[in-house]
Asker: 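Handing you a structure now.
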Amino acid sequence: MWTSQKPPICGKTGRNNGKERIWCVMMRKLIIKGTEISSVSITAGDSKPEQYAAAELAKYLGKIAGIANDSAGTSYPIHLGINPDIGRDGYRISVCDTTGLYILGGNGRGVIYGVYEFLEKYAGCRFFMPDLEFLGEGDIVVDEGCAFTPVLEFRQSDWMCGNDLAWSVKNKINNRTIPLRREFPEEMGGCQKYAKGWFAHTMKVLTDEEVPCLSDPKILKKTIARVREALEDDPDATIITVSQNDGLAHCTCERCAAITEEEESPMGVQLRFVNAVADAIKDDFPHVAVDTLSYVYTRKPPKITKPRPNVCIRLCSFECCSIHPLSDPTCPENKKFYEDITEWNKICDRIYIWDYVTNFVHSIPVFPNFDSIRQNMRFFAEHGVKGIYPEGNYYGLKSGEFGELRCYLLARLMWNPYMTTTEYYRHMDEFLAAYYGEGWRYIRAYIDYTVMEAKGRHFRVANTPFEIIPKDRYEAMEETIDCWWNKAEELAGDRLEAVRRSRMQWRYMKLMLKPDAAEGQRLLDDVKRDNVNWSEWKPFPEDFNFEETPDLWLKNYPE
């Protein structure tokens, strides 16, 4: 349930005694098991990830507490290393009274993640955005260890605001995708890697046909050959896509139609084809999974055929309601998806999710899904999901809404989808305070209001603003919302630019209430200046009719 705070009262400072943002970090002590440590001796294995982890730990201990890394080995020992028994991407931090502190990982990424968890848990570090880190406050006190192995093996992000490999590793993302398809270097632990790019092998690419017949043996033979070629050219790949094209077109010939009828789903044709590819490569490429979309017409599981052990089903939530959690049985928009994922979980041990977490047509006005993304991440984990790609604003360098906040929260949720409600909103409040300054509570009040007003409605990833929250609800709160944003700007300090950019969403909504040519031009100028995208991959048209509401400006976009 949404845990709303009491909105701040306009006219008061809202500074909370000035404690929200303390960036002047005093030199701090490192205290391990009651003993103050003045210098450390960090040792690590010879692999590049272990060496990277050691360098990062030394760098941040120096920044935070002025602690030097004694290469002679005469200071307090900290040991970094790999122990595969811990599990993929997992870590274990422990303290031995006689031999020192240990940070071990299940693999190279796990060691690095263990270092960043040490910095977060014990030092209070937060890695909010690539250009915004908080090093915490108070002494670094280590009395006991901790351990964690993530539920999700595949954690993918495409938000351009977080498109920085170092930031991604600090927030435990292990794959970055379109449009840059960036790969993590070996020293950063590498990544869960798709062969030749994430979505390179659709049926059109593999077969040279717009609508290939997947019951044709010649098509299967060609596909297997091309998959082998791709994997031979990309030996580090762990996943390869063999999937339907984007869109609804698929073969309905007599043979395919008969399989569809027998399986009670077009997915029967596709899965039989993908299984055959997976069987053909399993011996030569035992470390590779074959990924295929379960999307729109293939979302329903087939009645008879089951995925092979080396097949990954990537289930897409495109048709779902964005405000109601997928676990809500009262939402008719989500009920069918609930049934589909439940059935897939019975027959597939490797389900990945392609989720949709922003408005791709109207990218600036508010998209109040902050409560549902939390509940959905837990829902996915509880239904056998092993990997998640929450598709977001991959087309905009900066957000005019709350893209940066959503990017950060989704990273935290993918790492720990079972976090408590309290933990989730603590992460939200920490980010808001750091990103927006001392007036952050007024922005939290705006978020709470929009989430509350959206409840009970149904909307998806392309709805217009008034379909998400009706016009009269904004009209009733216009003066109060103006006051919230004014106070947020007044108290922003050096975070004023971030507040003003996120305020674009409210400026947009005010133009929805009452078009104004001068203000419309000012908003458009600010959007262009700040590199904020209006809509997914759409260039700005030459002519705008500012007498219309902003949602209608889109109709002039060139195709």
Side-chain angles (χ1 to χ4, degrees), residues 1-4 151-152 248 264-265 267 293-301 313-346 348 351-363 365-385 387-393 401-402 405-406 409-410 413-414 417-421 424-425 428 447-474 551:
M1 186 174 182
W2 180 258
T3 55
S4 173
V151 175
L152 301 176
L248 300 178
E264 298 182 2
S265 169
M267 187 56 162
L293 290 175
S294 177
Y295 175 53
V296 189
Y297 67 90
T298 60
R299 208 181 75 185
K300 180 181 178 181
I313 299 297
R314 187 181 279 264
L315 188 59
C316 303
S317 64
F318 182 71
E319 301 90 346
C320 295
C321 171
S322 295
I323 189 60
H324 289 96
L326 295 168
S327 56
D328 185 350
T330 68
C331 178
E333 303 280 337
N334 294 344
K335 184 174 183 292
K336 188 65 174 66
F337 185 90
Y338 181 95
E339 294 169 354
D340 288 342
I341 195 173
T342 300
E343 292 304 310
W344 275 119
N345 192 27
K346 293 176 182 178
C348 182
I351 301 172
Y352 284 9
I353 294 292
W354 184 331
D355 200 14
Y356 302 82
V357 293
T358 194
N359 192 321
F360 296 96
V361 177
H362 307 280
S363 298
V366 67
F367 193 68
N369 65 340
F370 286 105
D371 201 22
S372 60
I373 60 174
R374 173 187 63 86
Q375 296 186 65
N376 287 348
M377 202 68 74
R378 175 183 284 266
F379 171 82
F380 292 140
E382 290 173 343
H383 286 78
V385 170
I388 295 181
Y389 163 44
E391 185 179 4
N393 190 338
E401 190 236 6
F402 292 124
L405 171 64
R406 199 176 282 104
L409 291 176
L410 285 165
L413 285 166
M414 284 191 285
Y418 290 110
M419 72 171 61
T420 65
T421 305
Y424 176 71
Y425 291 114
M428 175 184 283
I447 292 172
D448 287 358
Y449 174 75
T450 56
V451 171
M452 177 187 67
E453 284 296 336
K455 283 187 178 297
R457 312 185 196 283
H458 301 285
F459 60 84
R460 291 167 54 189
V461 295
N463 281 88
T464 61
F466 285 155
E467 289 175 324
I468 295 171
I469 297 176
K471 180 179 181 180
D472 66 312
R473 301 311 304 148
Y474 283 114
D551 58 321

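Please read these numbers as outputs of a predicted model, since none were measured by experiment.
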Asker: Mind checking ring pair (Phe, Tyr, Trp, His ring centres under 6.0 Å) for Y297 and listing every partner two or more places apart, or none if nothing turns up?
Answerer: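 Counting only residues at least two positions away or on another chain, Y297 forms a ring pair (Phe, Tyr, Trp, His ring centres under 6.0 Å) with H250.
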Asker: Is the count of non-hydrogen atoms from other residues, nucleotides or ligands lying under 6.0 Å from F318 atom CZ greater than 12?
Answerer: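 12 or below, so no.
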Asker: Quick check against the 3.5 Å criterion: does R374 have a side-chain atom that pairs as donor or acceptor with the backbone of Y425?
Answerer: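 Here the side-chain-to-backbone pair does not exist.
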Asker: So, using ring pair (Phe, Tyr, Trp, His ring centres under 6.0 Å) as the criterion, who are the partners of F380 when residues are at least two apart?
Answerer: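 Listed in chain order: nothing, the list is empty.
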Asker: Would a distance-only check, ignoring hydrogens and angles, find a side-chain to backbone donor-acceptor pair under 3.5 Å from W344 to E339?
Answerer: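 The answer is no, because no donor-acceptor pair under 3.5 Å joins these two groups.
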Asker: Going by the rule salt bridge (Lys or Arg N to Asp or Glu O under 4.0 Å), which residues pair with R378 if we only count those two or more places apart in sequence or in a different chain?
Answerer: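 Here the qualifying residues are E382.
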Asker: Would you verify whether the NZ or CZ of R406 falls within 45 degrees of the ring axis of F370 while also being under 6.0 Å from that six-membered ring's centre?
Answerer: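 Positive - R406 is close enough to the ring of F370 and near enough to its axis.
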Asker: Please walk me through it: do C316 and L293 pass side chain to side chain contact (heavy atoms under 4.5 Å, CB included)?
Answerer: CA-CA 7 Å; C316 303; L293 290 175; 3.7 Å; yes
Asker: Fit a plane to each ring of Y474 and F466, take the angle between them on a 0 to 90° scale, and name the class: parallel (under 30°), tilted (30 to 60°) or perpendicular (over 60°).
Answerer: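 Rings of Y474 and F466: tilted, 30 to 60°.
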Asker: Hey, can you tell me if H458 and H324 have their rings parallel, tilted or perpendicular (30° and 60° cut-offs)?
Answerer: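 The rings of H458 and H324 sit tilted, inter-plane angle from 30° to 60°.
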Asker: Please tell me whether F367 and F402 form a close aromatic pair, meaning their ring centres lie under 6.0 Å apart.
Answerer: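 Distance test on ring centres: not under 6.0 Å, no.
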Asker: Check this for me, if you would: do E319 and R299 make a salt bridge, where the nitrogen-to-carboxylate-oxygen distance has to be below 4.0 angstrom?
Answerer: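 Judged by the 4.0 Å cut-off on N to carboxylate O distance, E319 and R299 do form a salt bridge.
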Asker: Under 30°, 30 to 60°, or over 60°: which ring-plane class applies to Y389 and W354, parallel, tilted or perpendicular?
Answerer: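 Ring orientation of Y389 relative to W354: tilted.
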Asker: Using a strict cut-off of less than 4.0 Å between a Lys/Arg side-chain nitrogen and an Asp/Glu carboxylate oxygen, indicate whether K455 and D371 qualify as a salt bridge.
Answerer: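 Yes.
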Asker: Side chains of D551 and T464: do they bring a donor and an acceptor to under 3.5 Å?
Answerer: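 Note: D551 and T464 side chains miss the donor-acceptor criterion.
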Asker: Of V461, N376, L410, which meets side-chain contact (heavy atoms from CB on, under 4.5 Å) against V357?
Answerer: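 That would be L410.
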Asker: For E467 and R457: C-alpha separation, side-chain torsions, deciding distance, then whether salt bridge (charged side-chain N to carboxylate O under 4.0 Å, His left out) applies.
Answerer: CA-CA 9 Å; E467 289 175 324; R457 312 185 196 283; over 6 Å; no
Asker: S265 side chain to K300 main-chain N or O, any donor-acceptor pair under 3.5 Å?
Answerer: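 Present.
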Asker: Can you tell me how far the CD1 atom of I353 sits from the CG atom of L315, to the nearest 0.5 Å?
Answerer: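 One gets 4.5 Å once the value is rounded to the nearest 0.5 Å.
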